[in-house]
Amino acid sequence: MKITPLSPIVLAAVMSACSSNAPSVPSAARTASQAARADTEACPKSVLYVSSAQNGTVEIYDPTKLKGDPCGSITGLQAPQGLFVNSKGNLWVADSATQRVYVFAPGSPGAIKTLNDPDGQPASIAVDEKSNTVYVTEYVNNKDATNLVQVYENGSTIPTSARSDPSARNGGFAAVDDRGNLYVTFMTQSNTAQVDEWLGGSGVPKNLGLKLVSAGAIVTTKDGALAVCDPFAYRCGEFARGSKRMSHVFGHIGLGVPPGMKPDKRDWLHPDALAIDGAEDRAYVAAETLSGWNYPGPANRPNHKPFVEVRVPGLAGEGVALYPASPPGRPY
């Protein structure tokens, strides 16, 4: 579910599809996937999750043995997208086809909780543990295209409110910092990428003015930088605190480049999803393959390459998450 820039003709079609008259996901799809099941017996405590929308699975890896096969998987999903892991190791999985978000506890064979998203297609999740608030971005909201985020407060399994931007076309990814501020990447009706900030997670959004081509994953960091992926610029990087331009680029060149092909032009190297480890010295990118990078990227070395790249069953989708993960960072 890439958040892509569109031509004027395609943009018009998308705007029509996102109107209040747009059809919702068929009810048959919404009633499926209650049998989502996790097989984690062979996995260590520290794990790396990657969604595979093609297979309807979340593949689980041992981060210390990334050149091998997955140690486990979550099956019974339909179109898993964004992933989130909290400080206790609970995993949230956004399933766009079933319009649900499933929560799995470590070692639990099945989902311990299900959040319903009746109006849209959930794309990513960010959880503010201090306020017990779950933010779910939607690729499309079938009732109001300007609604980017559904908000679930105080343990609710249905949305309690929404976060909107009048310029929004498609929602992307979300992150929160240690002050409860919410950051969301999205595409606007004028076909530009934008990042909004909601102070304290509510109120009127502020356009941060970050220079991006497309709306990919976003992560807050301990020094106040925003780590962001720009899929159609073929790169991830960071926006230093207060900066509007990306620096320290990574996530754009794989290891297995076919002869004669420019690395940045491989179709499967659109870096969609991003996770950073607890020490904030390694980053993991999903771009059909799963790749690991030293973080932050180099200041002046554009040909920086990953230290590992793995072919994920069914191809890596638009969700990747680590346990333990980096905690919420400082405000941008």
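For this chain, numbers begin at 1 and follow the sequence in order.
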Check which hydrophobic residues are tied to I125 through side-chain heavy-atom contacts below 4.5 Å, counting indirect links as well, and list them. F84, W92, V101, V103, I112, L115, V127, V134, V136, Y152
Could you tell me whether a side-chain N or O of S73 sits under 3.5 Å from a main-chain N or O of V58, the two making a donor and an acceptor? no
Answer yes if the side chains of Q78 and T98 hold a donor-acceptor pair under 3.5 Å, and no otherwise. no
Just to verify, what does L208 make a side chain to side chain contact (heavy atoms under 4.5 Å, CB included) with, not counting sequence neighbours? Y183, V195, E197, K206, L210, L226, Y332
Who passes side chain to side chain contact (heavy atoms under 4.5 Å, CB included) against C236, sequence neighbours left out? C229, F250, P271, V285
Holding to side chain to side chain donor-acceptor pair (under 3.5 Å), I want the full list of residues that pass it with E280, two or more places apart in sequence or in another chain. none
Could you tell me which residues satisfy salt bridge (Lys or Arg N to Asp or Glu O under 4.0 Å) with D119, sequence neighbours excluded, listed by chain and number? K143
With sequence neighbours left out, the residues meeting side chain to side chain donor-acceptor pair (under 3.5 Å) with S202 are none
Going by atom types only, do T289 and E309 share a side-chain donor-acceptor pair under 3.5 Å? yes
Contacts of S326 meeting side chain to side chain donor-acceptor pair (under 3.5 Å) (sequence neighbours excluded), chain-then-number -> none
Residues two or more places apart in sequence or in another chain: which of them pass side chain to side chain contact (heavy atoms under 4.5 Å, CB included) with A111? Y102, F104
Any pair counted as disulfide (SG to SG under 2.5 Å), so long as it reaches residues 67-176, sequence neighbours left out: C43-C71
Can you tell me if Q150 and Y135 form a side-chain donor-acceptor pair at under 3.5 Å? no
Listed partners of A240 passing side chain to side chain contact (heavy atoms under 4.5 Å, CB included), at least two apart: S243
For S291, which residues count as a side chain to side chain donor-acceptor pair (under 3.5 Å) partner, sequence neighbours excluded? W293
Is there any disulfide (SG to SG under 2.5 Å) pair reaching into residues 115-167, and which pairs are they, with sequence neighbours excluded? none
